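The shown structure was predicted, so the numbers you read here are calculated from the model rather than taken from an experiment.
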Amino acid sequence: MIVLFINAFHDATHGALFKKSKHNEWFMYIFEFFGGNHWLCMRRHINLHHAYTNVPDWDIDIKQSDIIRIFPNNPLFDYHKYLHIYMWMIYPFYSLNWIYIRDFKDFFGKKDNYIKKVVDKIPTDQTYKMFALKVTNLFYLLFIPMMLLHQPWYIILGGWFAMHLCESMLGVVALVSTYVDEDAHFPGTDEDGNLSATWVMHQMIVTKDFSIDSKLANFLYRCFTHHIADHLFPGVGHTYYPYITLIIRSYAQEYDLPYTSYRFYHAVRSHFRILKNKGVQGNIMMTGEI
């Protein structure tokens with residue numbers, strides 16, 4: 001499920017899987033049987049994440065809830081001092097939260113609703129479709145197996161739960177490795193909503209590649225291992241990213257442009273170190289403000 005989402009569905013979201021846009025849209029309906037909503041996914045991913053990558057109060061893929069402190073302008077609570085510890089217990093629930101909580105918050109929530117920044121009104125048919133496909137998802141993954149398979153109901157439920165835990169960890173690894181580490185940048189906007197850098201330069205500053213030479217990582221995460229290529233050329237299929245990355249790296253070296261690529265283990269370790277730092281009050285003796 002997560003490999004399909006990270007590669008095939010991601011390409012279809014950008015219109016890069018098939019030549020005709022209607023074929024990409026038809027393919028995205030398969031995504032809905034996994035419990036998602038492709039209309040909402042496109043608003044999040046294209047209108048907010050790709051347009052405002054790592055920008056506070058805009059990038060919905062990075063901002064989740066006050067439990068997680070990522071952006072510098074997020075409120076700091078006492079429990080955030082344990083952020084780097086309890087996130088190990090929260091990340092395995094990422095897909096369950098996405099499908100059964102986050103979608104509803106984006107449709108109906110009023111606090112910090114980023115979706116309503118880019119759409120005037122959520123279409124009524126999308127609301128009905130979301131409810132219908134959430135029910136369909138649970139019906140064919142849980143209730144049909146419980147009715148037809150000669151297994152106790154808790155075995156079926158446990159398998160469904162284990163699937164979500166595994167896909168959540170695989171998905172989170174891709175997300176945190178490319179955006180949120182100790183070298184992460186979270187540029188803000190001015191009073192007119194403009195960024196200080198051009199869009200292309202902004203993408204190279206805030207986005208990172210990871211494990212680009214790993215065959216396993218490329219099979220699982222190619223849209224993320226070569227993530228700078230994805231952000232600079234979102235309309236190109238992910239199978240071309242390794243070739244595009246070679247050109248980007250050469251161009252960045254020639255013109256002294258920012259390009260960052262980490263090994264997988266470095267990216268994950270760095271992510272949890274920044275979580276630890278984000279949970280501590282700023283110390284002027286450490287941040288160099290004096």
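For Trp58, the ring pair (Phe, Tyr, Trp, His ring centres under 6.0 Å) partners two or more places apart in sequence, or in a different chain, are Tyr52. The salt bridge (Lys or Arg N to Asp or Glu O under 4.0 Å) check on Arg273 picks up Glu182, with sequence neighbours excluded. With sequence neighbours excluded, the residues that form a side chain to side chain donor-acceptor pair (under 3.5 Å) with His50 are His14, His45. Asp59 is linked by a side chain to side chain donor-acceptor pair (under 3.5 Å) to His49, counting only residues two or more places apart in sequence or in another chain. With sequence neighbours left out, Phe272 forms a ring pair (Phe, Tyr, Trp, His ring centres under 6.0 Å) with Trp88. Shown here are the ring pair (Phe, Tyr, Trp, His ring centres under 6.0 Å) partners of Tyr255, two or more places apart in sequence or in another chain: Tyr251. Taking Glu32 as the reference, His38 meet the side chain to side chain donor-acceptor pair (under 3.5 Å) condition, with sequence neighbours excluded. Residues forming a side chain to side chain donor-acceptor pair (under 3.5 Å) with Asp11 (at least two apart in sequence, or on another chain): His238. Scanning for ring pair (Phe, Tyr, Trp, His ring centres under 6.0 Å) contacts around Tyr86 gives an empty result, with sequence neighbours left out.
When side chains are defined from C-beta on, Ile228 does not count as touching Gln203, because their heavy atoms never get closer than 4.5 Å.
Annotation: side chain to side chain donor-acceptor pair (under 3.5 Å) contacts involving residues 134-151, sequence neighbours excluded, comprise Tyr100-Asn137, Asp103-Lys134. The ring pair (Phe, Tyr, Trp, His ring centres under 6.0 Å) analysis of residues 189-213, with sequence neighbours excluded, yields the pairs Phe210-Tyr221.
Cluster membership check: Met1 shares its hydrophobic cluster with Leu17, using side-chain heavy-atom separations under 4.5 Å among Ile, Leu, Val, Met, Phe, Trp and Tyr. Hydrophobic clustering (side-chain heavy atoms under 4.5 Å, transitive across Ile, Leu, Val, Met, Phe, Trp, Tyr) groups Ile155 together with Trp153.
Under the 3.5 Å distance criterion, the side-chain polar atoms of Asn97 are left unmatched by any main-chain donor or acceptor of Phe93. One N or O on the side chain of Asn24 and one on the backbone of Lys20 form a donor-acceptor pair closer than 3.5 Å.
Between Trp98 and Phe5, the ring planes are perpendicular. Angles over 60° get that label, and only those under 30° would be called parallel.
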Identify all side-chain donor-acceptor contacts of residues 163-173 below 3.5 Å with residues at least two apart in sequence or on another chain.
unit_1: His164; atom_1: ND1; unit_2: Ser95; atom_2: OG; d: 2.7
unit_1: His164; atom_1: ND1; unit_2: Glu167; atom_2: OE2; d: 3.2
unit_1: Glu167; atom_1: OE2; unit_2: Ser95; atom_2: OG; d: 3.0
unit_1: Ser168; atom_1: OG; unit_2: Pro92; atom_2: O; d: 3.1
unit_1: Ser168; atom_1: OG; unit_2: Tyr94; atom_2: N; d: 3.3
unit_1: Ser168; atom_1: OG; unit_2: Ser95; atom_2: N; d: 2.9
unit_1: Ser168; atom_1: OG; unit_2: Ser95; atom_2: OG; d: 3.0
unit_1: Ser168; atom_1: OG; unit_2: His164; atom_2: O; d: 2.7

_ring-ring contact (aromatic ring centres under 6.0 Å, His included), that's the test. Do Phe9 and Phe34 meet it? Break it down for me._
CA-CA 11 Å; Phe9 291 131; Phe34 287 135; 5.7 Å; yes

